[in-house]
A.B. asks: 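Pasting a structure below so you can have a look.
Keep in mind the model is a prediction, meaning the values are calculated, not measured. Below, chains carry the letters A, B, ... as their sequence lines are ordered, and counting in each starts from 1. Because only heavy atoms are used, hydrogens play no part in the values below, and waters and symmetry mates are left out as well, while side chains stay in.
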Amino acid sequence: MRILAANLKHLYQRRILWLFYAFLGLLVFLSIMAALGNPRAGKGQFVWFTVVAFLIGFIANALAIEVLTKPFSYCLPGHRKTVRKFIFWIGIVISFLGSLLFLAYPGLLSWEPILMLCSAFCANLIFYWLGIGLAFISKNTAAAIGYLWFTWFGGMFFDLHIILESAIVQCPVAIICVGLLTSIMAWFLLGDEGLARRYCAVPWVSLFDAWNRDKLQRYRKARAAIKWDKKLKTHPNPWVERFFLGRMQKYEFFRTGRYIWGGLYTTFAIIVSQWKQFVFFVLFMLAFLGYMGRLWLFMLMLLPVMGIAAHACSSVYSSMLISGGRNEKFVTTIALAATHAVLIAGLVIIIAALSVPLATIIPEFTIRGLNIAFHAINIKFFYAPLIFVPFAFTIQLFFFKKPYFVMVTVILLFMLLFTGGSLLKALSTMMNPIYLVIGLLVLSWGIFVMVLRYICMKRCLVGQGHTY
Amino acid sequence: MSSENPIVQICNVCKRFGKIKALDKVDMQIYRGRIIGLLGSNGAGKSTLLRHIIGLYLPDEGHCTTFGCDAGKLGPKELSKIGYVHQEGELIDWMTVEQLIRYVSAYYPMWNFELEEKYIADFEIPTSARVGTLSPGQRQRLAILLAIGFEPELLILDEPASTLDPIARAQFLDLLLQIIQNENRAIIISSHILSDVEKVIDHAVIMKEGRILVDCSFDQLRERFSRVRINSLSGVLPAALPFENVLKCQRSNGEAILTVQDFSQEQIEQAAQSLDCQIEIQPLSLEDIYKIVAG
């Protein structure tokens, strides 16, 4: 089999890619419908495929890099040159097919469709190369693809699609020149002998690694090591270590307090050490939640749950042996959950308190017809994190090995919350809201403690073949 | 077998991970004053067994007792007598080496600061480096320090030397021999580097597919197997040689090399008397024994 054919096989051999194809197919269909449904010039209807080409470029290169980062592929004969062929093949075919849409562009004269075709082909190629470039500079493509949607909707909001379409139609020669130049550059860059060397065995998260905890952990470790050597060189500050170790030493050896403070040290030392950045974080959250409008309460609940679901519970599943037994792990994890809940509730109170005077000062403004106002955050919902933090810990405890299930469960939980919202409202009219809150607190903490007790006392605490 | 109580007693332990039977009715005792070599291929159940001893895993059947306490219920007092170096080498990556040592030492009243200093100097551990930036070998050395710094009564080493260079490995083996000078201690070491292990162990446990195939003193194990070189003085050896329990036989031009099992030196010498030949009896290396037993 030819090497190129072997590489192209990835495109149908990976089953999860078919999900992407279904999604891309939908986008292509929508872009064709946008162009041909009711074709009007100057409305930006014809460039949606160009944007899709960007996404295709990103995915194609992500696949190529995934192979490049595997050390074995470096030694495969003739393989290093195949990346270029693979990417160019896909790019040319996709760009050509997409450019055919411009044949239906209204008001073109006899020879103009050919020029439009070339211009659109080159525009598609330019966007395709941009997608390729983004994949090269992203170390974590799974995360990058999440951010792409913000760019997409941001572009729409600022009418970039209309600007792009008018550039293709009104400046075809310039677009063709840029397209050819970028393609020549891409040809040489992708043919670079050092490309395979630069990517061989580098920590890199591919599109489908969002579910692979071991790989994500290796990636995080590698990135963190770089960060610690540069940004966080002075952290944690010596006073932070002195503080936590001092607290630990206030308790006798083998007393539970020592383990609780030890757990707090390993969990919060870096955060406490960077307390100055905390001020910026509060300001950022203040702006974010204030401008979220009615969604702020939802975000207030979602953010801590997502954060904790992603990072907590290492104290339960740690295989680094210290003298704490299962009981100490149980108590320490409860203390950690309580500390998280209290800190987040405190943060909500600070943000809410600051938002009240700010809401009266900050004026409303309008961007492109959209009215943007800063809303005060209702302080009475400070208890929300106290209810949701234990849920987040429970989800984490159950699905520690499977981040995919963590995400699915968080989404299900919030769907349940939305559907159950009316039930809660009805309940709050029937009974005193304070009792309702107390009831929810007891329920969430009760479930968390029961699950934690079960896991700490009855389950294996490290996985087979996993680093926890 | 020692008359005193074992510090670890594993009785009829079974453990499954889904369809895989990781441990199958395992029985084992660990006595003080021993260095036990736990040998087996990948997936034989060595790490699973070690994790049962410290209570990270709980058995599906049977029970495991460590320091007289059910391993699943080990408390700080018992755990402060156990040092554990695990093959994954999980440490707290954001701390510097000295911060991590200070943090871990805060849990142990018996932490030996002199030993710590000596070990750091001998093993050239960079104390100001961030743990996350250490090489695998340096990381392993640090993990060993954290496991021995409080002079544990039971030291469990799961692939401790896999990433160490030959000099560090030699130093590490010397260290194990120093530790075992105190007869109150026991060391259990799981490793694939059998040439290293055989220099220090006095007891061998060989596992395969979750079962213990051999559990005896290393001397007994070595006595069970031997290699006999027979050279015929007349230049011809008879077609049938008068040896029993022959595991392997290589013959060429009046010379034969036999690997025999459960055939004592006296029996070999007696059998050889009937032949007009010279014999040479050699003990087998641990690696050869392992291949015979687990192969």
A.B. asks: Based on non-hydrogen pairs under 4.5 Å, which of A:G324, A:S323, A:G325 is most in contact with chain B?
C.D. replies: A:S323

A.B. asks: Would you confirm whether the ring centroid of B:Y108 sits within less than 6.0 angstrom of the ring centroid of A:F254?
C.D. replies: no

A.B. asks: Is it the case that B:N42 and B:H192 place a side-chain donor and acceptor less than 3.5 Å from each other?
C.D. replies: yes

A.B. asks: Can A:R258 and A:E252 be said to form a salt bridge (Lys or Arg N to Asp or Glu O under 4.0 Å), step by step?
C.D. replies: CA-CA 7 Å; A:R258 198 172 266 250; A:E252 296 280 314; over 6 Å; no

A.B. asks: Is the shortest side-chain N to carboxylate O distance from B:R141 to B:D165 below 4.0 Å?
C.D. replies: yes

A.B. asks: Tell me, side chain or backbone of A:R459 under 4.5 Å from chain B's heavy atoms, or both, or neither?
C.D. replies: backbone

A.B. asks: Look at the rings of B:H86 and B:Y84 and say which category their plane angle falls in: under 30° parallel, 30 to 60° tilted, over 60° perpendicular.
C.D. replies: tilted

A.B. asks: Non-hydrogen atoms of chain B under 4.5 Å away: do they reach the side chain of A:F244, the backbone, both or neither?
C.D. replies: neither

A.B. asks: Mind ranking A:Q249, A:M248, A:E241 by heavy-atom pairs under 4.5 Å with chain B and telling me who comes out on top?
C.D. replies: A:E241

A.B. asks: When the ring centroid of A:F393 is compared with that of A:H340, is the distance short of 6.0 Å?
C.D. replies: yes

A.B. asks: Output yes when a side-chain donor or acceptor of A:T266 lies under 3.5 Å from a complementary backbone atom of A:G262, and no otherwise.
C.D. replies: yes

A.B. asks: If you count heavy-atom pairs under 4.5 Å with chain A, which of B:A106, B:G132, B:A143 comes out on top?
C.D. replies: B:A106

A.B. asks: For the interface with chain B, which of A:N327, A:L245, A:T256, A:I322 has the highest count of heavy-atom pairs at distances below 4.5 Å?
C.D. replies: A:I322

A.B. asks: Considering only heavy atoms and a distance below 4.5 Å, find which of B:I20, B:I82, B:L58 pairs most often with chain A.
C.D. replies: B:L58

A.B. asks: So which of B:S47, B:P109, B:A147 has the largest heavy-atom pair count under 4.5 angstrom toward chain A?
C.D. replies: B:P109

A.B. asks: Considering only heavy atoms and a distance below 4.5 Å, find which of B:D93, B:L74, B:V85 pairs most often with chain A.
C.D. replies: B:D93

A.B. asks: Which atoms of B:K15 are under 4.5 Å from chain A, going by heavy atoms: the side chain, the backbone, both sets, or neither?
C.D. replies: side chain

